[in-house]
**Student:** 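The structure that follows is given in the form of structure tokens.
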Protein chains: 2
Amino acid sequence: MPATIDDVARLAGVSTATVSRALRGLPNVAPATRDRVARAANLLDYVPDPAASALAAGRTNVIGVVVPTIGRWSHARILEVVSDIATTAGLDVLPVMLASPAARDFFLTSHPFRRRVDGLVVAEVPLDVTDVARLAEGRPVATIGLELDDVDTVLADEQAGVAAATRHLLDLGHTDITFIGDTDSTATLVGPRRRREGFESVLAAAGHPTSGDRVVETQPTATGGAAAMTLLLEQPRPPTAVITASDEMALGAMEVARARGLSIPGDLSVVGLDDQPIAQYVGLTTVARDVTRMATVAADWVVAAVAAMETPGEGVAAVPARHRMVRTSLVVRRSTGPPAMVVDDRDGDSRGDLD
Amino acid sequence: MPATIDDVARLAGVSTATVSRALRGLPNVAPATRDRVARAANLLDYVPDPAASALAAGRTNVIGVVVPTIGRWSHARILEVVSDIATTAGLDVLPVMLASPAARDFFLTSHPFRRRVDGLVVAEVPLDVTDVARLAEGRPVATIGLELDDVDTVLADEQAGVAAATRHLLDLGHTDITFIGDTDSTATLVGPRRRREGFESVLAAAGHPTSGDRVVETQPTATGGAAAMTLLLEQPRPPTAVITASDEMALGAMEVARARGLSIPGDLSVVGLDDQPIAQYVGLTTVARDVTRMATVAADWVVAAVAAMETPGEGVAAVPARHRMVRTSLVVRRSTGPPAMVVDDRDGDSRGDLD
DNA sequence: CTGAAAGCGCTTACAG
DNA sequence: CTGAAAGCGCTTACAG
């Protein structure tokens, strides 16, 4: 049986209250006493029982992290960063993966975090204010990728990033560009919509049509990207460039193109999103999001709020919500280049491309 | 304030003991009573406090998952699978990432899991029996990728997989093959050694020398693979094929080769390890490990042992440890092919290659 | 600066 | 089948 606080108190010759104070570094403990307690605890290999602490203090020292899955690099990275920061602050992490809408619904109605966490980070899961409030139940919460007025949020400026990518392709001479976006857009999960807007605004400004047939939507996975590219290549006039909503999609699209005998970037330019480590090693041009920074900001907020909290659950101070926008940047590698020469006007198709 | 068991008891007109039994589906509760309790709990949105349960029952309903990082796909996948299985069994997961030796040492001496988890899964972290015992402190534990006599272990047959890859390259006509392994091999973390043995045994059987200069060791990341490939390409006589210890390494190696103007597989064949989803989309020939199966087996063992446990910490029944070997398979894609024709004997180099 | 004591919200023999 | 009561191992006013 592991040692308890009583064992330490007995060995140090003090009360359990003093042991508790001494070990947690609380004020009003004589240096000599603190020392004696520390030595006793050390001798006994004493580790406080987190359950007992949680029950007595009303705080769990755990923060919840909600992500869609960890199959996508950015989600795994968010979990990793939050976990690092939490650990440094002496907190544990409770990861929750909500891949399916069913999982989401069940999760929302089961009060999963009640009495389980002191605060939480919610990343890229399509939830509205009501959902987030239901999860948080008054505890500090920060979201990543969600736009919610009354909640702390961290967003990447993906609109600007995709706009830069679109300009890059136009500058290279492309006129047939398709955006392969992801489907999970909701009012609050703004990334998908913002990316699309970045794409369409640049095309419009350049005098290109921005009709729906320049946008395809699918899952943000390699499989999704491959499926979308397959569709596009069946069109009479496939695009010479695609911008995708994730590096994974970009890789899927590239593979399908290659399998069809197209060369990249000769026959098809491809742009990803995230700049995960692998992107560099496959030469992928991509819109870099600083996922590490986003996760760091969100985690720091939550950790600070939890630390500042007297008793969790009694509500967070009603300060105005913070909204942080993290810059994106276009990283040009070898998956984009000028389109192949167009030798003729093709079959009289007269869509209003730039000339 | 959330409802407590007392609120439910009052509303249902029974004692808290009965509420506790009814809600946990224990026997010896009258159906009508069970119903009444369920309705009361539902009405009050009652969720038991896990800390109070843990303290009273002596079990936490949490299982720990130790992985090196989640930057590598296989590690993230293991965490995801264990998490899924735990959730289904009504358990939470406590993830711990031990990237550095320093983190490992600190972690080992701080009794991190004491009173925190009911069981644990340890994956691919170089720990010996003593370390694992110190973490488990008598609780059920299963390891992935570690060979420990008295502990449940799941291993992939990577020796056979790499051997198959080596044979594949020999069959294609390669004679200069280098193995790019990872460095973290220890007596217990057997993957690195087994892979190397798979490589060397096939070369030896084919009458090739297996001297050290056919093996390079580095980090199992894209960066590591790139660094190793850079070194190899500086040699007077670079290999025509490399086998790596992870898909990430393979991608790094491929990129360096391409940057040097080499074509793949024309000038260089590359084999990875894992078959993560992206491998398919970059056309990587790779030794597939069924990571999902490995994680499932380990998680099932631990979850079952935890469920069977009366009071955690009172020691696991001394049954013989289970050792499961999961098959690997070679997936041939377009990163491997016959070597380019050798037009001359080069500069009199007389290493004993097959002719 | 320190201690005695109540209490956090459950579970579990024990008795009936 | 059910309840009263002890107890899990801490923290925290409160009193000194």
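Just so it is clear, the structure is predicted and the values come from calculations on it, not from any experiment. Just so we're on the same page: letters track the sequence lines, and every chain starts at 1.
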**Student:** What is the distance, to the nearest angstrom, from the CG atom on A/Asp49 to the C1' atom on D/dG7?
**Tutor:**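 Value for this atom pair: 13 Å.
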
**Student:** Side chain of B/Thr33 only, heavy atoms from C-beta on: which candidate in D/dG9, D/dT2, C/dC10 is closest?
**Tutor:**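 Within the option list, the nearest is D/dT2.
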
**Student:** Does B/Asp118 use its side chain to pair, donor to acceptor, with the backbone of B/Thr60 at less than 3.5 Å?
**Tutor:**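 Yes; judged by distance alone, with no hydrogens or angles, the pair exists.
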
**Student:** Whole angstroms only, please: what is the CG-P distance between B/Asp6 and D/dA4?
**Tutor:**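 Rounded to whole Å, this separation is 12 Å.
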
**Student:** Just so I know, are the side chains of B/Val306 and B/Arg59 near enough to count as touching, which here means a heavy-atom distance under 4.5 Å?
**Tutor:**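 When only atoms from C-beta onward are counted, B/Arg59 and B/Val306 do touch, with a gap below 4.5 Å.
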
**Student:** How would you list, by chain and number, every residue that makes a side chain to side chain contact (heavy atoms under 4.5 Å, CB included) with A/Ala103, sequence neighbours excluded?
**Tutor:**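 By the side chain to side chain contact (heavy atoms under 4.5 Å, CB included) rule, A/Ala103 matches A/Leu98, A/Ser100.
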
**Student:** Find which nucleotide of DNA chain D each of B/Arg34 and B/Ala56 is nearest to by heavy atoms, and output the residue with the more 5' nucleotide.
**Tutor:**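 It is B/Arg34, whose closest nucleotide lies nearer the 5' terminus.
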
**Student:** With heavy-atom distances below 4.5 Å as the criterion, would you say the side chains of A/Arg104 and A/Leu127 are in contact?
**Tutor:**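 Side-chain contact under 4.5 Å: yes.
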
**Student:** Whole Å only: how far is the CZ atom of A/Arg36 from the P atom of C/dC1?
**Tutor:**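 Computing the A/Arg36:CZ to C/dC1:P distance gives 14 Å.
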
**Student:** Report the distance from atom CZ of B/Arg59 to atom P of D/dG7, rounded to the nearest whole Å.
**Tutor:**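 Answer to the nearest Å: 22 Å.
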
**Student:** Quick one: which of D/dT12, D/dC10, D/dC8 gets closest to the side chain of B/Leu55?
**Tutor:**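 Minimum distance to the B/Leu55 side chain belongs to D/dC8.
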
**Student:** Between C/dG16 and C/dT12, how far is it from one C1' atom to the other, in whole Å?
**Tutor:**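 Approximately 16 Å lies between the C1' atom of C/dG16 and that of C/dT12.
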
**Student:** When Watson-Crick pairs (N1 to N3 and N6-O4 or O6-N4) and G-U wobble pairs (N1-O2 and O6-N3) count only below 3.5 Å on both distances, what is the dot-bracket string of DNA chain C, with | for other-strand pairs?
**Tutor:** |||.||||||||.|||

**Student:** Would you say A/Asp300's side chain and A/Val297's backbone share a donor-acceptor pair under 3.5 angstrom?
**Tutor:**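 Side chain of A/Asp300 to backbone of A/Val297: no pair is present.
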
**Student:** Answer yes or no: is there a side-chain heavy-atom contact under 4.5 Å between B/Val37 and B/Leu23?
**Tutor:**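 Yes, close enough: below the 4.5 Å cut-off.
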
**Student:** Return the residues of residues 14-30 of chain A meeting this criterion: a heavy atom under 4.0 Å from some atom of DNA chain C. Order them by number, or give none.
**Tutor:**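 Going residue by residue through residues 14-30 of chain A, the ones with a heavy atom under 4.0 Å of DNA chain C turn out to be A/Val14, A/Ser15, A/Ala17, A/Thr18, A/Arg21, A/Asn28, A/Val29, A/Ala30.
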
**Student:** Just do the side-chain hydrogen bond (donor to acceptor under 3.5 Å, both in side chains) check on B/His323 and B/Asp152 with the steps written out, would you?
**Tutor:** CA-CA 6 Å; B/His323 296 231; B/Asp152 290 349; over 6 Å; no

**Student:** In terms of side-chain geometry, is the basic nitrogen of A/Asp49 or B/Arg116 positioned less than 4.0 Å from the acidic oxygen of its partner?
**Tutor:**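 No, this pair does not count.
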
**Student:** Return the value, rounded to whole Å, for the distance between atom CD1 of B/Ile5 and atom C1' of D/dG7.
**Tutor:**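 Going from B/Ile5 (CD1) to D/dG7 (C1'), I get 15 Å.
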
**Student:** Between C1' on D/dG9 and CG on A/Asp7, what's the gap in Å once rounded to a whole number?
**Tutor:**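 Rounded to whole Å, this separation is 11 Å.
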
**Student:** Send over the distance from B/Arg116 CZ to D/dG9 P, rounded to a whole Å.
**Tutor:**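 Atom-to-atom, B/Arg116 to D/dG9, this comes out as 16 Å.
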
**Student:** Looking at A/Asp6 and A/Arg10, is there a salt bridge between them, counting it only when a charged N and a carboxylate O are closer than 4.0 Å?
**Tutor:**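 A/Asp6 and A/Arg10: not salt-bridged.
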
